[in-house]
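Each chain gets a letter, A, B and so on, in the order its sequence line appears, and its residues count up from 1.
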Number of protein chains: 2
Amino acid sequence: MAHGKRREMPTREELRIWRNYIETAETLRAILDGRLQSDSSLSSADYRVLLALSEADRRTLRSSELAELIGWQRSRLSHHLGRMEKRRLVHRAPCPDDVHGIDVRLTDLGAESFRTGSVPHLRDVHELFVEALSPEQLARVDEFTTALRRHLDLKP
Amino acid sequence: MAHGKRREMPTREELRIWRNYIETAETLRAILDGRLQSDSSLSSADYRVLLALSEADRRTLRSSELAELIGWQRSRLSHHLGRMEKRRLVHRAPCPDDVHGIDVRLTDLGAESFRTGSVPHLRDVHELFVEALSPEQLARVDEFTTALRRHLDLKP
DNA sequence: GGTACAGGGTTGACACGTCAATCCCAATCA
DNA sequence: TGATTGGGATTGACGTGTCAACCCTGTACC
(Lines give C-alpha, C1' and ligand atoms only; values in the text may rest on other atoms or scores of the structure.)
Protein backbone atom coordinates (compact mmCIF):
# COMPACT_ATOMS: atom_id res chain seq x y z
CA MET A 1 0.00 0.00 0.00
CA ALA A 2 2.64 2.48 0.99
CA HIS A 3 5.20 3.40 -1.61
CA GLY A 4 8.48 4.78 -0.23
CA LYS A 5 9.85 2.91 2.73
CA ARG A 6 11.93 5.11 5.00
CA ARG A 7 11.15 8.16 7.04
CA GLU A 8 7.56 8.78 6.19
CA MET A 9 5.35 11.26 7.91
CA PRO A 10 2.29 10.26 9.90
CA THR A 11 -1.08 11.27 8.52
CA ARG A 12 -3.23 13.68 10.40
CA GLU A 13 -5.28 10.78 11.72
CA GLU A 14 -2.26 8.81 12.84
CA LEU A 15 -0.95 11.85 14.61
CA ARG A 16 -4.23 12.30 16.41
CA ILE A 17 -4.14 8.72 17.58
CA TRP A 18 -0.55 9.09 18.71
CA ARG A 19 -1.24 12.24 20.67
CA ASN A 20 -4.24 10.74 22.35
CA TYR A 21 -2.31 7.65 23.20
CA ILE A 22 0.63 9.36 24.78
CA GLU A 23 -1.37 12.02 26.51
CA THR A 24 -3.73 9.48 28.01
CA ALA A 25 -0.91 7.39 29.35
CA GLU A 26 0.62 10.44 30.96
CA THR A 27 -2.62 11.62 32.47
CA LEU A 28 -3.27 8.20 33.88
CA ARG A 29 0.17 8.09 35.40
CA ALA A 30 -0.30 11.55 36.86
CA ILE A 31 -3.58 10.62 38.49
CA LEU A 32 -2.15 7.45 39.98
CA ASP A 33 0.89 9.32 41.23
CA GLY A 34 -1.30 11.89 42.88
CA ARG A 35 -3.37 9.27 44.65
CA LEU A 36 -0.33 7.35 45.78
CA GLN A 37 1.12 10.55 47.15
CA SER A 38 -1.94 11.45 49.15
CA ASP A 39 -2.58 7.91 50.33
CA SER A 40 0.90 7.21 51.54
CA SER A 41 3.22 10.17 50.92
CA LEU A 42 5.14 8.16 48.36
CA SER A 43 6.13 9.16 44.86
CA SER A 44 6.09 6.51 42.17
CA ALA A 45 9.86 6.59 42.28
CA ASP A 46 9.76 5.80 45.97
CA TYR A 47 7.30 3.05 45.22
CA ARG A 48 9.53 1.36 42.70
CA VAL A 49 12.46 1.34 45.07
CA LEU A 50 10.39 0.05 47.96
CA LEU A 51 8.79 -2.62 45.79
CA ALA A 52 12.13 -3.94 44.65
CA LEU A 53 13.58 -3.96 48.15
CA SER A 54 10.55 -5.56 49.74
CA GLU A 55 10.78 -8.45 47.31
CA ALA A 56 14.49 -8.88 47.82
CA ASP A 57 16.15 -11.42 50.03
CA ARG A 58 16.56 -9.95 53.52
CA ARG A 59 15.04 -6.73 52.20
CA THR A 60 18.48 -5.79 51.00
CA LEU A 61 20.07 -5.19 47.62
CA ARG A 62 23.41 -4.01 46.39
CA SER A 63 23.01 -0.50 45.07
CA SER A 64 24.06 -1.47 41.58
CA GLU A 65 21.73 -4.48 41.54
CA LEU A 66 18.88 -2.26 42.54
CA ALA A 67 19.70 0.20 39.79
CA GLU A 68 19.82 -2.61 37.27
CA LEU A 69 16.59 -4.11 38.53
CA ILE A 70 14.53 -0.98 38.17
CA GLY A 71 16.39 0.36 35.17
CA TRP A 72 17.78 3.54 36.66
CA GLN A 73 21.10 5.19 36.19
CA ARG A 74 23.35 4.96 39.20
CA SER A 75 23.43 8.67 39.75
CA ARG A 76 19.68 8.93 39.78
CA LEU A 77 19.46 6.14 42.29
CA SER A 78 22.12 7.68 44.46
CA HIS A 79 20.31 11.00 44.58
CA HIS A 80 17.02 9.33 45.28
CA LEU A 81 18.38 7.04 47.97
CA GLY A 82 19.84 10.08 49.65
CA ARG A 83 16.42 11.66 49.83
CA MET A 84 14.77 8.43 50.94
CA GLU A 85 17.38 7.88 53.59
CA LYS A 86 16.66 11.28 55.03
CA ARG A 87 13.05 10.19 55.35
CA ARG A 88 14.17 6.96 57.04
CA LEU A 89 12.66 4.73 54.36
CA VAL A 90 15.92 2.99 53.53
CA HIS A 91 19.34 2.62 55.02
CA ARG A 92 22.71 2.41 53.29
CA ALA A 93 25.73 0.61 54.64
CA PRO A 94 29.00 -0.61 53.16
CA CYS A 95 28.63 -4.13 51.87
CA PRO A 96 30.60 -6.64 53.97
CA ASP A 97 31.19 -9.12 51.11
CA ASP A 98 32.31 -6.70 48.48
CA VAL A 99 34.81 -4.03 49.32
CA HIS A 100 33.29 -1.60 46.90
CA GLY A 101 29.54 -1.70 46.93
CA ILE A 102 26.80 -0.48 49.20
CA ASP A 103 23.97 -2.48 50.70
CA VAL A 104 20.61 -0.78 50.55
CA ARG A 105 18.22 -2.08 53.15
CA LEU A 106 14.54 -1.43 53.65
CA THR A 107 13.86 -0.01 57.10
CA ASP A 108 10.81 -1.01 59.12
CA LEU A 109 9.31 2.35 58.36
CA GLY A 110 9.98 1.80 54.68
CA ALA A 111 8.32 -1.61 54.73
CA GLU A 112 5.37 -0.20 56.59
CA SER A 113 4.99 2.70 54.15
CA PHE A 114 5.11 0.33 51.25
CA ARG A 115 2.41 -1.89 52.72
CA THR A 116 0.26 1.14 53.42
CA GLY A 117 0.62 2.47 49.92
CA SER A 118 0.51 -0.73 47.99
CA VAL A 119 -3.06 -1.90 48.47
CA PRO A 120 -4.83 1.34 47.57
CA HIS A 121 -2.44 1.77 44.68
CA LEU A 122 -3.32 -1.60 43.22
CA ARG A 123 -6.99 -0.90 43.67
CA ASP A 124 -6.51 2.37 41.85
CA VAL A 125 -4.87 0.56 38.96
CA HIS A 126 -7.90 -1.70 38.86
CA GLU A 127 -10.35 1.15 39.04
CA LEU A 128 -8.71 3.46 36.54
CA PHE A 129 -7.28 1.02 34.05
CA VAL A 130 -8.74 -2.45 34.27
CA GLU A 131 -12.31 -1.38 34.84
CA ALA A 132 -12.20 0.95 31.87
CA LEU A 133 -11.68 -1.93 29.47
CA SER A 134 -13.43 -5.08 28.41
CA PRO A 135 -11.43 -8.31 28.67
CA GLU A 136 -11.05 -8.26 24.88
CA GLN A 137 -9.76 -4.72 24.94
CA LEU A 138 -7.32 -5.62 27.65
CA ALA A 139 -6.03 -8.47 25.53
CA ARG A 140 -5.56 -6.08 22.64
CA VAL A 141 -3.68 -3.65 24.79
CA ASP A 142 -1.33 -6.43 25.65
CA GLU A 143 -1.01 -7.35 22.01
CA PHE A 144 -0.14 -3.95 20.67
CA THR A 145 2.06 -3.09 23.61
CA THR A 146 4.03 -6.19 22.79
CA ALA A 147 4.23 -5.17 19.16
CA LEU A 148 5.48 -1.77 20.19
CA ARG A 149 8.08 -3.20 22.52
CA ARG A 150 9.36 -5.57 19.90
CA HIS A 151 9.66 -2.72 17.47
CA LEU A 152 11.57 -0.56 19.92
CA ASP A 153 13.98 -3.24 20.99
CA LEU A 154 15.00 -3.74 17.39
CA LYS A 155 15.88 -0.10 16.91
CA PRO A 156 17.59 1.24 19.97
CA MET B 1 -19.39 -11.72 35.80
CA ALA B 2 -17.61 -9.94 38.57
CA HIS B 3 -19.20 -10.14 41.98
CA GLY B 4 -18.27 -7.27 44.30
CA LYS B 5 -18.31 -3.89 42.65
CA ARG B 6 -15.97 -1.49 44.41
CA ARG B 7 -12.25 -1.44 44.87
CA GLU B 8 -11.13 -4.74 43.50
CA MET B 9 -7.55 -5.72 42.99
CA PRO B 10 -6.04 -6.43 39.59
CA THR B 11 -4.98 -10.00 38.88
CA ARG B 12 -1.36 -10.80 38.28
CA GLU B 13 -2.01 -10.85 34.54
CA GLU B 14 -3.81 -7.52 34.55
CA LEU B 15 -0.99 -6.01 36.50
CA ARG B 16 1.52 -7.31 34.02
CA ILE B 17 -0.41 -5.74 31.17
CA TRP B 18 -0.71 -2.46 33.01
CA ARG B 19 2.99 -2.31 33.78
CA ASN B 20 3.93 -3.11 30.22
CA TYR B 21 1.53 -0.54 28.94
CA ILE B 22 2.70 2.32 31.10
CA GLU B 23 6.35 1.49 30.83
CA THR B 24 6.18 1.24 27.08
CA ALA B 25 4.49 4.60 26.76
CA GLU B 26 7.15 6.17 28.92
CA THR B 27 10.00 4.57 27.08
CA LEU B 28 8.58 5.70 23.80
CA ARG B 29 8.24 9.22 25.08
CA ALA B 30 11.79 9.18 26.39
CA ILE B 31 13.20 8.03 23.07
CA LEU B 32 11.31 10.66 21.15
CA ASP B 33 12.36 13.35 23.59
CA GLY B 34 15.97 12.35 23.23
CA ARG B 35 15.82 12.48 19.46
CA LEU B 36 14.05 15.81 19.46
CA GLN B 37 16.69 17.17 21.78
CA SER B 38 19.59 16.07 19.63
CA ASP B 39 17.94 17.06 16.37
CA SER B 40 16.95 20.54 17.41
CA SER B 41 17.93 21.26 21.01
CA LEU B 42 14.30 21.35 22.01
CA SER B 43 12.60 19.60 24.89
CA SER B 44 9.10 18.31 24.36
CA ALA B 45 7.90 21.12 26.59
CA ASP B 46 9.57 23.63 24.28
CA TYR B 47 7.97 21.87 21.37
CA ARG B 48 4.47 22.15 22.75
CA VAL B 49 4.86 25.85 23.35
CA LEU B 50 6.36 26.49 19.94
CA LEU B 51 3.67 24.40 18.25
CA ALA B 52 0.87 26.36 19.87
CA LEU B 53 2.45 29.70 19.08
CA SER B 54 3.29 28.84 15.50
CA GLU B 55 -0.33 27.97 14.85
CA ALA B 56 -1.62 31.11 16.53
CA ASP B 57 -2.70 34.25 14.80
CA ARG B 58 0.30 36.57 14.40
CA ARG B 59 2.36 33.98 16.23
CA THR B 60 1.14 35.51 19.44
CA LEU B 61 -0.97 34.35 22.34
CA ARG B 62 -1.99 35.74 25.67
CA SER B 63 -0.10 33.91 28.35
CA SER B 64 -3.24 32.59 29.96
CA GLU B 65 -4.66 31.44 26.62
CA LEU B 66 -1.46 29.58 25.94
CA ALA B 67 -1.61 27.92 29.33
CA GLU B 68 -5.18 26.87 28.73
CA LEU B 69 -4.40 25.63 25.24
CA ILE B 70 -1.63 23.30 26.25
CA GLY B 71 -3.09 22.44 29.63
CA TRP B 72 -0.37 23.78 31.86
CA GLN B 73 -0.59 25.57 35.14
CA ARG B 74 0.24 29.23 34.96
CA SER B 75 3.25 28.95 37.16
CA ARG B 76 4.76 26.20 35.09
CA LEU B 77 4.28 28.23 31.96
CA SER B 78 5.77 31.30 33.53
CA HIS B 79 8.89 29.44 34.58
CA HIS B 80 9.22 27.81 31.21
CA LEU B 81 8.69 31.00 29.25
CA GLY B 82 11.38 32.63 31.34
CA ARG B 83 13.82 29.94 30.29
CA MET B 84 12.70 30.05 26.67
CA GLU B 85 12.98 33.80 26.61
CA LYS B 86 16.58 33.57 27.76
CA ARG B 87 17.21 31.36 24.77
CA ARG B 88 15.49 33.89 22.51
CA LEU B 89 12.80 31.45 21.39
CA VAL B 90 9.92 33.61 22.53
CA HIS B 91 9.35 37.17 23.62
CA ARG B 92 7.04 38.53 26.27
CA ALA B 93 5.49 41.98 26.26
CA PRO B 94 2.59 43.64 28.05
CA CYS B 95 -0.59 43.20 26.09
CA PRO B 96 -1.83 46.51 24.66
CA ASP B 97 -5.53 45.53 24.68
CA ASP B 98 -5.75 44.14 28.13
CA VAL B 99 -4.22 46.01 31.01
CA HIS B 100 -3.36 42.85 32.82
CA GLY B 101 -2.12 40.15 30.54
CA ILE B 102 1.06 39.42 28.68
CA ASP B 103 1.50 38.70 25.00
CA VAL B 104 3.78 35.81 24.21
CA ARG B 105 5.22 36.03 20.73
CA LEU B 106 7.24 33.53 18.75
CA THR B 107 10.56 35.01 17.70
CA ASP B 108 12.10 34.31 14.30
CA LEU B 109 14.60 32.06 15.99
CA GLY B 110 11.78 30.25 17.72
CA ALA B 111 9.90 29.72 14.48
CA GLU B 112 13.05 28.50 12.81
CA SER B 113 13.83 26.08 15.63
CA PHE B 114 10.34 24.73 15.49
CA ARG B 115 10.55 24.11 11.75
CA THR B 116 13.89 22.44 12.16
CA GLY B 117 12.65 20.16 14.89
CA SER B 118 9.21 19.43 13.60
CA VAL B 119 9.88 17.36 10.50
CA PRO B 120 12.29 14.85 12.02
CA HIS B 121 10.07 14.63 15.06
CA LEU B 122 7.05 13.67 13.00
CA ARG B 123 9.10 11.15 11.08
CA ASP B 124 10.20 9.69 14.38
CA VAL B 125 6.61 9.34 15.49
CA HIS B 126 5.94 7.50 12.28
CA GLU B 127 8.94 5.28 12.60
CA LEU B 128 8.58 4.39 16.25
CA PHE B 129 4.83 4.29 16.68
CA VAL B 130 2.94 4.04 13.42
CA GLU B 131 5.28 1.58 11.74
CA ALA B 132 5.16 -0.72 14.75
CA LEU B 133 1.48 -1.36 14.30
CA SER B 134 -0.83 -2.72 11.66
CA PRO B 135 -3.71 -0.48 10.59
CA GLU B 136 -6.05 -2.69 12.59
CA GLN B 137 -3.89 -2.39 15.65
CA LEU B 138 -3.77 1.35 15.26
CA ALA B 139 -7.54 1.46 15.13
CA ARG B 140 -7.66 -0.56 18.32
CA VAL B 141 -5.26 1.77 20.03
CA ASP B 142 -7.60 4.58 19.18
CA GLU B 143 -10.54 2.62 20.43
CA PHE B 144 -9.13 1.68 23.75
CA THR B 145 -7.57 5.09 24.32
CA THR B 146 -11.01 6.55 23.84
CA ALA B 147 -12.48 4.08 26.30
CA LEU B 148 -9.83 5.03 28.81
CA ARG B 149 -10.38 8.73 28.36
CA ARG B 150 -14.09 8.35 28.78
CA HIS B 151 -13.56 6.40 31.93
CA LEU B 152 -11.17 8.97 33.36
CA ASP B 153 -13.31 11.97 32.55
CA LEU B 154 -16.10 10.41 34.52
CA LYS B 155 -14.01 10.03 37.66
CA PRO B 156 -11.80 13.03 38.13
C1' DG C 1 -11.49 58.40 49.30
C1' DG C 2 -10.40 54.05 51.27
C1' DT C 3 -10.79 49.11 51.63
C1' DA C 4 -11.69 44.79 49.73
C1' DC C 5 -11.54 41.64 46.06
C1' DA C 6 -10.33 39.58 41.76
C1' DG C 7 -7.91 38.47 37.55
C1' DG C 8 -3.28 37.74 35.53
C1' DG C 9 1.38 36.68 36.31
C1' DT C 10 5.57 36.02 38.85
C1' DT C 11 8.53 34.23 42.48
C1' DG C 12 10.79 31.10 45.89
C1' DA C 13 11.45 26.88 47.92
C1' DC C 14 11.81 22.47 47.10
C1' DA C 15 11.72 17.61 44.78
C1' DC C 16 13.29 15.33 40.83
C1' DG C 17 16.54 13.66 36.73
C1' DT C 18 20.53 14.09 33.74
C1' DC C 19 25.14 14.76 32.54
C1' DA C 20 29.78 15.08 33.42
C1' DA C 21 33.30 15.16 36.82
C1' DT C 22 35.07 13.20 40.82
C1' DC C 23 36.31 10.17 44.60
C1' DC C 24 37.64 5.78 46.70
C1' DC C 25 39.74 1.69 46.98
C1' DA C 26 41.89 -2.28 45.01
C1' DA C 27 44.41 -4.88 41.74
C1' DT C 28 47.87 -4.71 38.32
C1' DC C 29 52.06 -3.50 36.23
C1' DA C 30 56.69 -1.63 36.02
C1' DT D 1 57.43 1.68 45.66
C1' DG D 2 54.90 4.26 42.66
C1' DA D 3 51.88 5.10 38.48
C1' DT D 4 47.83 3.21 36.06
C1' DT D 5 43.54 1.42 35.42
C1' DG D 6 38.88 0.05 36.68
C1' DG D 7 34.59 -0.82 39.05
C1' DG D 8 31.25 1.29 42.26
C1' DA D 9 29.22 5.07 43.99
C1' DT D 10 28.73 10.17 45.01
C1' DT D 11 28.65 15.05 43.86
C1' DG D 12 27.55 19.54 41.57
C1' DA D 13 25.49 22.16 38.20
C1' DC D 14 21.66 22.75 35.79
C1' DG D 15 16.89 22.31 33.61
C1' DT D 16 12.50 21.08 34.98
C1' DG D 17 7.74 20.86 37.59
C1' DT D 18 4.78 21.78 41.77
C1' DC D 19 2.85 24.22 45.47
C1' DA D 20 1.95 28.15 47.90
C1' DA D 21 2.71 32.86 48.61
C1' DC D 22 2.97 37.07 46.58
C1' DC D 23 2.66 41.34 43.53
C1' DC D 24 0.25 44.24 40.48
C1' DT D 25 -3.61 47.00 38.91
C1' DG D 26 -8.18 47.90 38.08
C1' DT D 27 -13.09 47.63 39.91
C1' DA D 28 -16.77 47.40 43.35
C1' DC D 29 -18.52 48.61 47.44
C1' DC D 30 -19.75 51.98 51.24
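- Annotation: side chain to side chain donor-acceptor pair (under 3.5 Å) contacts of Arg19(B) (sequence neighbours excluded): none.
- Both Leu15(A) and Leu133(B) belong to a common hydrophobic cluster when Ile, Leu, Val, Met, Phe, Trp and Tyr are linked at side-chain heavy-atom distances under 4.5 angstrom.
- Going from atom CG of Leu81(B) over to atom P of dG8(C) covers 16 Å, rounded to whole Å.
- Side chains of Gln73(B) and Ser75(B): a donor-acceptor N/O pair is absent below 3.5 angstrom, by distance only.
- Checked by atom type, the side-chain pair Arg76(A)/His79(A) shows no donor-acceptor distance below 3.5 Å.
- An OP1 or OP2 oxygen of dG7(D) is reached within less than 4.0 angstrom by no side-chain nitrogen or oxygen of Arg74(A).
- Hydrophobic clustering of Ile, Leu, Val, Met, Phe, Trp and Tyr side chains at less than 4.5 Å, counting indirect connections, unites Leu81(A) with Leu50(A).
- In this structure, the side chain of Ser113(A) engages the main chain of Leu109(A) through a donor-acceptor pair within 3.5 Å.
- You'll find the side chain of Ile70(A) stays beyond 4.5 Å of the side chain of Leu51(A), heavy atoms only.
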Original post:
Which nucleotides of nucleotides 12-20 of chain C have their base under 4.0 Å from a protein heavy atom (B), which only their sugar-phosphate (S), and which neither (-), written as one string 5' to 3'?
Top reply: BB--BSBBB
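- As judged by a 4.0 angstrom heavy-atom cut-off over every strand, Ser78(A) is placed among the base-contacting residues.
- Judged by distance alone, with hydrogens and angles left aside, the side-chain atoms of Arg123(B) form a donor-acceptor pair with the main-chain N or O of Arg7(A) at under 3.5 Å.
- Between the side chain of Thr24(B) and the backbone N or O of Asn20(B) there is at least one donor-acceptor pair closer than 3.5 Å.
- Within the 4.5 Å cutoff, no side-chain heavy atoms of Leu36(A) are placed close to those of Asp46(A).
- Side-chain atoms of Arg88(A) and Thr107(A) form no donor-acceptor pair, as typed in the model, at a separation below 3.5 Å.
- Distance, Leu61(A) CG to dA9(D) C1': 16 Å, rounded to whole Å.
- Contacts of residues 18-27 of chain A with DNA chain C (heavy atom under 4.0 Å): none.
- In the helix from dG1(C)-dC30(D) to dA30(C)-dT1(D), the rotation axis of the first five pairs and that of the last five pairs differ in direction by 30°, rounded to 10 degrees.
- Residues passing the side-chain contact (heavy atoms from CB on, under 4.5 Å) test with Ala56(B) are Leu61(B), sequence neighbours excluded.
- Salt bridge status for Asp97(B) with Arg62(B): absent, with no side-chain N to carboxylate O gap under 4.0 Å.
- Shown for residues 89-101 of chain A: residues whose heavy atoms fall under 4.0 angstrom of DNA chain C, namely Val99(A), His100(A).
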